[in-house]
Enquirer: 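Can you read through this structure? Questions will come right after.
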Amino acid sequence: MTDISKPTAIPSTDEAYHPDAVEAKWQARWAERHINEPDLDHPARPFYNLMMFPYPSAEGLHVGNMFAFTGADLYGRFKRLQGYDVFEPIGYDAFGIHSENYAIKLGINPAILIPRNIENFRRQLKRIGGMFDWRHELSTTDPRYYKWTQWIFLQLLKAGKAYKKTAAVNWCPKDKTVLANEQVIDGRCERCGTVVEQRTLEQWFFRITEYADRLLADLDDQSKMDWSDSTTTAQRNWLGRSEGAELEFPLSVGAETAPSAARGQRGSGSVLKVYTTRADTVFGATFMVLAPEHPLVDALTTPEQRAEVEAYRRAAASKDLVSRKVGDREKTGVFTGGHAVNPATGREIPVWVADYVLMEYGTGAIMAVPGHDERDFEFARKFGLPIVRVVAEAPAGAEGHPDPERREGEGADAPLDAPYTDNESGILANSARFDGLPVPEAKRAVTAWLESKGAGKGVVRYRLHDWCISRQRYWGPPIPIIYCDDHGAVPVPEKDLPVELPLIEDFAPDDSGISPLARHEEWYYVPCPVCGKRGRRETDVSDTFLDSAWYHLRYPSTEFDDRPFDPARTRTWLPVHSYIGGNEHAVLHLLYARFITMVLHDLGHLPFDEPYRKFRAHGLIVKDGAKMSKSRGNVVVPDEYIARWGADTFRMYLMFLGPFQEGGDFQDSGISGPRRFLDKVWSFVNEACREGEGQEVHHGVIVKLNQTKKRVTEGLEALRYNTSIAALMELVNALRAENVCDKGIAEELVVMLAPFVPHFAEECWERMGHRESVFEARWPAWDEELVVEDRIEVVVQVNGKTRSKVQVARDADEETVVAAAMRDVGVQRFVEQKTVRKRIYVANRLLNLVVG
RNA sequence: GCCCGAGUGGCGGAACGGCAGACGCAGCGGACUCAAAAUCCGCCGGGGGCAACCCCGUGCGAGUUCGAAUCUCGCCUCGGGCACCA
């Protein structure tokens, strides 16, 4: 704040470069002159330059944030100089468990704490010189914002895309909250590392699984999405599409006569459905396994086995997710006593219960094929169940796999001492009429056969689960629902939004699993919107990922309180032209944002269904080769560096230390390089102002200048900022070596520097006599003719080894170059006494003589 | 285990299949200075040679090619993601 309003007086003589003064001056001027505020209603060439908004922590912006924002800002400024009307907004993702935990620790309400953090963030964001349009700053904690977050919930509810269900959820006993599956890492809480338990609670879910196929298909649609490969790959994996078959195994008589069967399954004809991706191995299914939670377990269990089965189920239920999912994975299980009939063989096979089968995937039941599945094999070994081979190696010499040595003893009758899981090159065996079919064909053939028998069908499954948005916490937007004894869950009427989060003293959660909000009667009890009788508010708040799933829609429309996003503004500015952010959000934020956009599109609120046309993931900044962390004590506090070197030098250093999309290693010593460079440019510019006109410039310098323009432009477009900076340094080195002092060149240099060092460039620009901002200037164009010298050095190789170089005219023909090469002593030495058998000539580059 | 990404000087990193190491940091030598800092000039992968030059060199091993850091196959190491997903 003080930085910006600090009065400065910079004489126009060429004294040393003082970043503090220059930066304060231009930050103040940008604000005064509204330089960074495009006309949102009538832009000529709109360009929406978005970066992932920060969570305003107490520590302030760290180097990683600075790196990301600088890289994104650079791109926006570059586009601006190319003539676009660039809208570059910023905001704060300020709800959520991070803020809340910190507030609990300090015992201060986050509603008081967070604004302080935001204040600090705003100061830092201004200090690094981002091209932000501050008119459109937003915070997700602002009731004017979350009113519309709640509105989105209601739209989904109305459309049947939101529903409530009782579900076993991940419960973190330390944070005292449920966690989404994706917030559980190796069975532990993503945030605090505590072992996660299971609890059963009523939760609100969004039906994202209904969109799985669209979310997947668009990833391959270049017209909608130009995204970093690493990000689309992560989403593909997360969606987890698998093609398989749902097969039906009739329960056999033994089971149906069991006392509980009639009740559980309405008498005879009941079947066990399984999902498999290896329908081809059905002849090898020698037993079945149910998840402990599977509803048919009761019906199948015989009286003799009941005690054992019940005990096993109880044990499984009390197990936390760690030992269930990432424990030592020693297989456990019990026999139910029941049997089912293998629809392929017609044989009865036993049904077991084991916790390696998960209720949440597929049908919660599997056909176990121990011969060709590692888990089933292990289980069969342990419990002495039969193992049958139904896939064998194609015989040696057969087409495709004539490799007799690689796998010994995988013939049709060879015993299996390990599962044979090759699902590409094997052929079926011991599978009646399917014997000899290659596995891929057999998958189709067997599925079709079972389908014709009415025992199954091909299906596609996704790994993705519905999105649980309920959080039993305080610091989030209340879910706008009122419960009425007569009318159930009633949505809060839209006219009553927002449901404001009350400022309460005791905001910390407790063990009950009930939100702190429930303890406040004056807030909790409200009239039912339908009948007016006393109702109770939903006390859960929504997931922060819902806040961030639509913020890009809000930015252009922040001034409107009667609509979440203005239709005209939205049509003008969206979808986002360029979005830059970290790949840690590849599957959470980015997938949810896509989903919400799709739903709003389908409901007629948006004219597009993919929110971000282009997305690029930036890299990570490390220090001394290791991730920065408090525990390592290698955290770089950006403020200190900015205070010492200036924002421009800091920006340039961050962009210089590695390719933006890969990140780099922050080294204290390295920052002096960019600063020295700026000092050189500074004196060059000041000198050029004084005496730099009418001077004759060497042709080589003109070529260098054109090469530089090309390299800088291409580097910026590809986000390879480090190479752009290197090109600019080369140019300045060349200008100094040649003693050039030309104002025209200085101006083009300054414009090219502007995205990297905006304050510095503005100051230079002004000193060169311009009254407008440098960002009103045009990006320099280059002449392709002048990118290559008139005389070229052609490399001459003999047998592929470089032996010499010859000077020839540009585009010289092969004969000329060969003649020149033959005159060259360095070449002669390797050619004499030998015949040139072959010549390879690459124009303007290289001549290779093959001799022998 | 599966899926991505990456391995190049002392360090960060450059190189449409065509001079490996641009640019920068650090280091070394010199100029300026009473001295230091700053600045300027020069050197800076390894080995051999007085020298012009020569040989070796991009994680390892094969291959394709006139020519491979770059393409293909097989490994190794590191980073990231997913993971009892049937």
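What's counted below: heavy atoms across the whole structure, side chains too, no hydrogens, waters or symmetry copies. Given the structure is predicted, the values throughout are model-derived calculations rather than measurements. Lettering of chains follows the sequences in order, A, B, ..., and the numbering in each one begins at 1.
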Enquirer: Would one find a side-chain N or O of K805(A) under 4.0 angstrom from OP1 or OP2 of rC19(B)?
Expert: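 For rC19(B), OP1/OP2 do not have a side-chain N/O of K805(A) under 4.0 Å.
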Enquirer: Y356(A) side chain: which of rC66(B), rC84(B), rA86(B) is closest?
Expert: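 Of the options given, the side chain of Y356(A) lies nearest rC84(B).
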Enquirer: Starting from the 5' end of RNA chain B, give me the residue, A365(A) or L620(A), whose nearest nucleotide shows up first.
Expert: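 Its nearest nucleotide being more 5', the pick is L620(A).
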Enquirer: Starting at CG of L849(A) and ending at C1' of rG18(B), how long is that distance when rounded to a whole Å?
Expert: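 It is 14 Å, rounded to the nearest whole Å.
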Enquirer: rA14(B) and rG67(B): how far apart are their P atoms, nearest whole angstrom?
Expert: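 To the nearest whole Å, 28 Å.
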Enquirer: Name the closest nucleotide to the M729(A) side chain, picking from rA86(B), rG24(B), rC19(B).
Expert: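 Shortest atom-to-atom distance from the side chain points to rG24(B).
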Enquirer: Under a 3.5 Å threshold, yes or no: a donor from one side chain and an acceptor from the other, between Y653(A) and T70(A)?
Expert: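 T70(A) and Y653(A) do not have a side-chain donor-acceptor pair below 3.5 Å.
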Enquirer: Mark up nucleotides 10-17 of chain B, 5' to 3', with B wherever a protein heavy atom is under 4.0 angstrom from a base atom, S wherever such an atom reaches only the sugar-phosphate, and - elsewhere.
Expert: -SBSSSB-
Enquirer: Could you please name the option among rA86(B), rA22(B), rC19(B) that lies closest to any side-chain atom of E793(A)?
Expert: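 Nearest nucleotide to the side chain: rC19(B).
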Enquirer: Between rG17(B) and rA62(B), how far apart are the two P atoms, rounded to whole Å?
Expert: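 To the nearest whole Å, 25 Å.
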Enquirer: Would you tell me if any nitrogen or oxygen in the side chain of N733(A) comes within less than 4.0 Å of OP1 or OP2 on rG24(B)?
Expert: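 Result: yes.
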Enquirer: Taking the six-membered ring where the residue is Trp, are the ring centres of Y17(A) and F760(A) under 6.0 Å apart?
Expert: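 Aromatic pair counts; centres sit under 6.0 Å.
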Enquirer: With P as the reference atom in both, quote the distance from rG42(B) to rC23(B) in angstrom, rounded to an integer.
Expert: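 My reading of the P atoms in rG42(B) and rC23(B) gives 12 Å.
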Enquirer: Quick one about N686(A) and S683(A) (side-chain donor to acceptor, distance below 3.5 Å, no hydrogens or angles considered), yes or no?
Expert: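 No.
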Enquirer: Under 4.0 Å between a side-chain N or O of Y275(A) and OP1 or OP2 of rA86(B)?
Expert: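 Y275(A) to rA86(B) OP1/OP2: no side-chain N or O under 4.0 Å.
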Enquirer: Find the distance K331(A):NZ to rC84(B):P and express it as a whole number of Å.
Expert: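 For the pair K331(A) NZ and rC84(B) P, the rounded distance is 10 Å.
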Enquirer: Between F684(A) and F677(A), is the ring centre distance below 6.0 Å?
Expert: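 For F684(A) and F677(A), the ring centres are not under 6.0 Å apart.
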Enquirer: State yes or no: are the ring centers of F287(A) and F379(A) separated by less than 6.0 Å?
Expert: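 Aromatic pair counts; centres sit under 6.0 Å.
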Enquirer: Starting at the 5' end of RNA chain B, which residue's closest nucleotide do you reach first, K838(A) or I671(A)?
Expert: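 Its nearest nucleotide being more 5', the pick is I671(A).
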Enquirer: One thing to verify: whether R236(A) and D220(A) come together as a salt bridge, which I'm taking to mean a side-chain N less than 4.0 angstrom from a carboxylate O.
Expert: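 A salt bridge is present here (some side-chain N lies under 4.0 Å from a carboxylate O).
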Enquirer: Examine the base of rC82(B) for any acceptor or donor lying under 3.5 Å from a partner atom in the side chain of N237(A), and report the outcome as yes or no.
Expert: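 By the distance-only test, no, there is no pair.
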Enquirer: Of the nucleotides rC25(B), rC84(B), rC85(B), which one has an atom closest to the side chain of S672(A)?
Expert: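 Nearest to the side-chain atoms of S672(A), counting from C-beta on, is rC25(B).
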Enquirer: Inspect the contact between E243(A) and R241(A) and indicate whether a charged nitrogen and a carboxylate oxygen are less than 4.0 angstrom apart.
Expert: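 Answer for the salt bridge query: yes.
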Enquirer: Choose from rC66(B), rC4(B), rC84(B) the nucleotide whose nearest atom is closest to any side-chain atom of I840(A).
Expert: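 From the listed options, rC66(B) comes nearest.
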Enquirer: Is it the case that rG18(B) (base atoms only) and Q797(A) (side chain only) share a donor and an acceptor within less than 3.5 Å, ignoring hydrogens and angles?
Expert: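 Yes, a donor-acceptor pair under 3.5 Å.
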Enquirer: In whole Å, measure the gap between the P atoms of rG45(B) and rC66(B) for me.
Expert: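 rG45(B) and rC66(B) have their P atoms separated by 33 Å.
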Enquirer: Any side-chain donor-acceptor pair under 3.5 Å between R594(A) and Q235(A)?
Expert: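 Judged by distance alone, the side chains do pair up.
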Enquirer: How many whole angstroms separate atom CG of L290(A) from atom P of rA86(B)?
Expert: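 Rounding to the nearest Å, CG of L290(A) and P of rA86(B) are 18 Å apart.
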Enquirer: Return a single string for nucleotides 37-57 of chain B, one symbol per nucleotide in 5' to 3' order, where B is base contact, S is sugar-phosphate-only contact and - is none, cutoff 4.0 angstrom on heavy atoms.
Expert: --SS------------SSSS-
Enquirer: Going by atom types alone, do N583(A) and T231(A) pair a side-chain donor with an acceptor below 3.5 Å?
Expert: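 A donor-acceptor contact under 3.5 Å links the two side chains.
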Enquirer: Figure out the CG/P separation between D229(A) and rC4(B), and round it to whole Å.
Expert: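 Atom-to-atom, D229(A) to rC4(B), this comes out as 11 Å.
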Enquirer: Can you tell me how far C1' of rC4(B) sits from CZ of R236(A), to the nearest Å?
Expert: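 Answer to the nearest Å: 11 Å.
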